[in-house]
Amino acid sequence: MALKGVLVRQTFSTETPRMHAYRTHTCGQLRSEHVGETVRISGWVHRKRDHGGLLFIDLRDHYGLTQCVVQPDNAHFATLERLRVESVVSITGNVVARSEETANENLDTGMIEVVIEQLEIQSAADELPLPVFGEPDYPEEIRLKHRYLDLRRDTLHKNIQLRADVITYLRERMKGQGFTEYQSPILTASSPEGARDFLVPSRMHPNNFYALPQAPQQFKQLMMVSGFDRYFQIAPCFRDEDLRADRSLEFYQLDIEMSFVTQEDVFSAIEPVMHGVFDEFSGETEVTPAPFPRIPYKEAMEKYGSDKPDLRNPIELCDVTEFFADDSKTGFGIFAKIIAGGGKVIAVPAPKAAAEKSRKFFDDMDKWAKKEMQAPGLGYARLKEADGGGVDSQDPVLKNFQPELLNELLEKMGLEAGDGIFFSAGKKSDAYKLAGAARLKVGEELDIVEKDIFKFCWIVDFPMYEWDEDNKKVDFSHNPFSMPQGGLEVLEAADTDEKKLEILAYQYDIVCNGTELSSGAIRNHRPDIMIKAFELAGYGPEVVEQEFGGMLNAFKYGAPPHGGIAPGIDRIVMLLAGADNIRDVIMFPMNQQGQDLLLGAPSPAENAQLRELSLRLVQVEK
RNA sequence: GCGGGUGUAGCUCAGCUGGUUAGAGUGCCGCCCUGUCACGGCGGAGGUCGCGAGUUCGAACCUCGUCACUCGCGCCA
């Protein structure tokens, strides 16, 4: 049918019988060298400028924009005057040079214009719910509902193209390094750890369910056991958890696994790819050269209050617990009480803040801590020249400090008059969490965060276990498949909770500008170590057998040492595109409620469908 | 599940301490306009102030509830 249409159209083009039905050139193609040619271009009416006696049409396609011009003596003038923007037309006409005064340097095709001779309207547009031209801010709800219009807009169109180019680059680069792209199932088994699974009911097995993969974790490990050595995949992942600006229900990972490797081997395989992709697509922006800094987890928490530190921010936290322990020397009882209860006081230096910011800045930080972080509060002190020389502060936290102790504190933190300090006090994890968040906010407010740079680091030596406050027991802190550092020996020696919590894993994250791009690990490929590792977390061998039987069995017949990583592609593109929202780098994203507003998902199922699946709905109370 | 923000014309937003007929820009419609590229000029249409209660002589504005979107917390190895 389509072919027939083309033939019919061609027979109508009597003046230039061999001309393509829709276009001889794209809208981004014509230059001065084409002047004098008769061309045909097709695209969307981007913008009209109607002078009454002269009408300009900017015609747009994927490749660019071309100005077309028509005069009232042309038969199509009246039609074009009425035609709405975003209508699709084919224009045939002469390429003419623009005069020096009328050329447009901002446009690739700005040296020429097309004088319209023939016009074919391929598809007239109704009044738009969302303008394409100019890209004014529009409500997301409308943008998502009319995504095809939103996607025509330059920024989003470019983001999606960037995403495609990034994925192509990653594929090429991985293949170049000896990796092969293998696929893994989408309908798979539910895995007990980690995020909530999406379930898919099985028709053939009533009351049984497939799960969509949270990641192809077990499959990629099984590939290594199967001898495939170097795997990668642009892998779709599904997690049924509440959404964030940088989290979607479905997302893509550059999933990677390698056999016979140490942690350093994984790093040196990934670093050139990550540096490469950022270097390639970030324009002039500087990118941390490989090897990226390696920061132990403990150090990251102590210096930055986060396991995904933004290294563009120069602020480092300081544990000042010791200075506040004795309130007879500080005159500040609140912190002393917290410390007596086993808590910590973490200081966040705010260079020049006392000199450059008003009291409101400090008060607002405290308000922010209470409101946004739901913390008890954020203490602060502004440092100024003391009357008798030296430095002091009239703010409550430091006002009554013994001068020598204050000097010691300031020396430790490297602060002087004109600087500010914020204090986060509480249970160790809470104190660091607030301090880490305050570090980011202070850096931003003081505008001391480096710009135009992608700063990478590895966070290494994650703890194997953590204290589960809810169940009052030791549990895995990441996934249970990681190899503990020191292997079986270390596990066997850990006879107390304290010792267990000190065990580190070959578990690592790659972080860029405060965004966690990926987690990875050297895996535990030894059934005996795995059973012991579970035992330390209070799970018997039957649990391992039941939950991970498939993998455990596979490891019994010869499994290579292996490890891998899985950088999040959406987040990489977000960083490269400068987008602060994951929806701006996904072609057809869901809203924050996990709804597809364009095609309407999720939606109720037909009773017939439910019957086939042996499902019956229950009423949900709202 | 919890907390913050937003909700006024198709859209972006203004609307003071509660007070007469709720405004601007943009888009849309009509007329004019031969060198624009955010073209310009004149005119017009367009409002359940998210929804529901309440307080008040009087509510876009105050109170309570509710809904939607969004950002965050929990959650997400």
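First the proteins, then the strands, lettered A, B, ... as listed; each starts at 1.
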*Duplex segments of RNA chain B, taken as runs of at least three Watson-Crick or G-U pairs that stay under 3.5 Å*: B:1-7 with B:67-73, B:10-13 with B:23-26, B:28-32 with B:40-44, B:50-54 with B:62-66
*Rounding to the closest angstrom, what is the interatomic distance between B:G44 and B:A68 at atom P?*
40 Å
_Base of B:C76, side chain of A:Arg247 - is there a donor-acceptor contact under 3.5 Å?_
yes
*List in chain and number order the residues that pass side chain to side chain donor-acceptor pair (under 3.5 Å) with A:Arg239, two or more places apart in sequence or in another chain; answer none if no residue qualifies.*
none
*asked:* Taking the cut-offs as 6.0 angstrom to the six-membered ring centre and 45 degrees off its axis, would you call A:Lys145 and A:Tyr138 a cation-pi pair?
replied: no
_Pairing residues for A:Phe56 by the ring pair (Phe, Tyr, Trp, His ring centres under 6.0 Å) criterion, not counting sequence neighbours_ = A:His51
*With a centroid cutoff of 5.5 Å and a plane-angle limit of 30°, would you call A:His51 stacked on B:U36?*
no
*Which of residues 53-69 of chain A sit near RNA chain B, with a heavy atom under 4.0 Å from it?*
A:Gly53, A:Leu54, A:Phe56, A:Gln67
*Under the side chain to side chain donor-acceptor pair (under 3.5 Å) test, residues paired with A:Asp509 that sit two or more places apart*: A:Ser519
_Could you check whether A:Phe133 and A:His46 have their ring centres less than 6.0 Å apart?_
yes
*Reckon A:Gln592 touches a base, only the sugar-phosphate, or nothing at all at heavy-atom distances under 4.0 Å?*
base
*Can you find an N or O donor on one side and an acceptor on the other, under 3.5 Å apart, linking the side chain of A:Asn591 with the base of B:C69?*
no
_Rounded distance in Å between the P positions of B:A38 and B:G30_ = 24 Å
*Who are the side chain to side chain donor-acceptor pair (under 3.5 Å) partners of A:Arg294, not counting sequence neighbours?*
A:Glu264, A:Glu271
